[in-house]
Q: 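The structure follows.
Just so we're clear, the structure is a prediction, and the values are computed from it rather than from any experiment. Both counts, for ligands and for their atoms, begin at 1 and track the order of listing.
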Amino acid sequence: MKEEQVQIFDTTLRDGEQAPGYSMHIDEKLRMALQLEVLGVDVIEAGFAIASPGDFQSVSEIAKTVKRAKVASLCRALVKDIDAAAAAVKSAAHPRIHTFIATSDLHLKYKLKISRTDCLRQIKEMVAYARRFCEEVEFSAEDASRTDLDFLCKATETAIKAGATIVNLPDTVGYATPEEIFRMVKTVREKVPNVDKAIISMHCHDDLGMGVANTLAGIRAGARQVECTICGIGERAGNAAMEEIVMNLKTRHDYYRGLYTNIKSEELMRTAALLATITGIKTAPNKAIVGANAFAHESGIHQHGVLANAETYEIMTPESVGVKRTELVLGKHSGRHAFAERLKDLGYDFEEYRIDQLFAEFKQLADEKKVIAERDLVALAESKITVRREAKSEWKLDNFVVNTGNLMSTTAQVTLSKGGKIRQEVALATGPVYASFAAIEKIIKHKFTLEDYQIRAVTEHRDALGEVIVKIQDKNGIYRGRGVSTDIIKGSILALLSAVNRMTAAEEE
Ligand code: KIV
Ligand code: ZN
């Protein structure tokens, strides 16, 4: 039997990013896009170009940077939206315009206030308009699963006639059942006369927890593109999780016979971890495929079974999704070469000066901690990642002294350097982190508010590295920063400085 590819359309940076708490900066989106390309996705939906100047810039930077994957921008079926999308993806090696309009009577009547005839006219004109800019135009019939099937067929036929090469049939509100999705896709494939000129795509939200099941039902009915996100992030309850779709097709190849994706499944864990690192939102431990417990066997009976034969309780190997059974550790006697090689194995491609900086930090850490686990290295490396946004000169920590106790106010004295100049301030507050941050705010003379502060131990044991993530906001936007140290005050200061340096870089831009 000839194997057929199911194309993976990743919308982590568009639908995913729309979810509260998941907004990303341009450099973070670029970093994510590069990893999505390594993962092997076929299409990266980089954003909604007309939504804001920041979105436009992110889409166009990703379009310029990504080489193998197609880069899409979403746009409503409106001239000004399509113009923005076309301009944003124009430098892509493989551009795509993704235009949409709702087709359900509910949306037509209450949201768009147009008739079915108007809707068909708009599809015809706008898909044809988008085709003027781009060979590849995807049309989405928003709320397809609640659209009258005959009208959905008409809309699909119209879009394909006007030049759409992909037609997406979303379950926008996560309402459908797998049987309904199967029927919808099957009907469209049977009744639309020109359907062979386009690929049918699925885009299923997870409001009733059916996103992945519905996507798989669509695939069984003949959809050959699926829209999904890493860890299923997205509007409201999210989208279908890419790692789950991919591993269903792979693990149950006996059932989804003849179908494959181009995803390098061994990169799934790293990609999910990167998303968590970038957004500061941890993956739930019980998350299928990429959660920390997905391959952990706690009960004695299970452990015994797995030791005798892993297949007793493991339906896929941890290695197949990028989880290693044994972590390789480094120590204080490890040299720069071994260190640099390990970073490379972990997928980091740093310039030499960054490796030097990291190696110095690694040596310091190795003095404080006997063994450096891979997770420590990842935390260190991620604290250095800036894809493009770096301030001309950055604030660096020189030293700090904190005086604290339960019967006194806390004082922090912080000394920072920038471009060869040293500045020092003292601040008084109710706790050591607060006091250090107040001293830093005095030094940098730039007002900001602290939007979020999170701290976690990277590994177990008392000498664990603490990883701190802060989010600060000024009048221009929100900036995230990350810092790692065995000392949580130092980690907090480093995290704040990395956010402050981004804030400064944004101001300079
Ligand atoms: O959920 C949805 O319908 C969408 C479309 C715009 C593709 O996100
Ligand atoms: Zn959506």
Q: Over 60° means perpendicular and under 30° means parallel, so classify the ring planes of His203 and His205, tilted if in between.
A: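 Correct class here is tilted.
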Q: Please state which part of Glu235 comes within less than 4.0 Å of ligand 1, counting heavy atoms only: side chain, backbone, both or neither.
A: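 Neither; nothing of Glu235 gets under 4.0 Å from ligand 1.
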Q: Is the contact between Glu45 and ligand 1 made by the side chain, the backbone, both, or neither, using heavy atoms and a 4.0 Å cut-off?
A: neither
Q: About how many Å separate CZ of Arg224 and CD1 of Ile200, when rounded to the nearest 0.5 Å?
A: 11.0 Å
Q: Which of the numbered atoms in ligand 1 are below 4.0 angstrom from a heavy atom of Pro170?
A: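 Those qualifying, in numeric order: 3 (O).
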Q: Looking at the rings of His98 and Phe9, which for Trp means the six-membered one, are their centres under 6.0 Å apart?
A: yes
Q: Less than 6.0 angstrom from the centroid, inside 45 degrees of the normal: does Arg502 satisfy that with respect to the ring of Tyr479?
A: no
Q: For ligand 1, note which part of Asp15 has a heavy atom under 4.0 Å away: side chain, backbone, both or neither.
A: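 The answer is the side chain of Asp15.
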Q: Students should be able to answer this: which protein heavy-atom is nearest to atom 1 (O) of ligand 1, and at what distance?
A: His205 NE2, 3.0 Å
Q: Does the pair Glu136/Lys70 count as a salt bridge with the N-to-O cut at 4.0 Å?
A: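 Salt bridge present between Glu136 and Lys70.
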Q: For the Zn ion (ligand 2), find the closest N/O/S atom belonging to His205 and write down its atom name.
A: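 Checking each N, O and S atom of His205, the shortest distance to the Zn ion (ligand 2) belongs to NE2.
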Q: Is it the case that ligand 1 has an N or O less than 3.5 angstrom from some N or O of Glu227?
A: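 Between Glu227 and ligand 1 (N or O atoms, distance only) the closest approach is not under 3.5 Å.
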Q: Using ring centroids (six-membered ring only for Trp), state whether Tyr256 and Tyr260 fall under 6.0 Å.
A: no
Q: For the Zn ion (ligand 2), decide whether Asp15 has an N, O or S atom at a distance under 2.8 Å.
A: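 Given the 2.8 Å cut-off, Asp15 counts as a ligand of the Zn ion (ligand 2).
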Q: Salt-bridged, Asp105 to Arg116, with N to O below 4.0 Å?
A: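 Here Asp105 pairs with Arg116 in a salt bridge, since their nearest N and O are under 4.0 Å apart.
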Q: To check your reading of the model: name the closest protein heavy atom to atom 3 (O) of ligand 1, its residue, and the distance in Å.
A: Thr172 OG1, 2.7 Å
Q: For atom 4 (C) of ligand 1, which protein heavy atom lies nearest, and how many Å away is it?
A: His203 NE2, 3.4 Å
Q: Find the distance between OG1 (Thr12) and CG (Leu39) and round it off to the nearest 0.5 Å.
A: 9.0 Å
Q: What protein heavy atom is closest to atom 5 (C) of ligand 1, reported as residue, atom name and distance in Å?
A: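 The closest one turns out to be Arg14 NH2, 4.1 Å.
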Q: Taking only heavy atoms of Glu142, which atoms of ligand 1 are found under 4.0 Å from at least one of them?
A: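 Heavy-atom distances to Glu142 below 4.0 Å select 3 (O).
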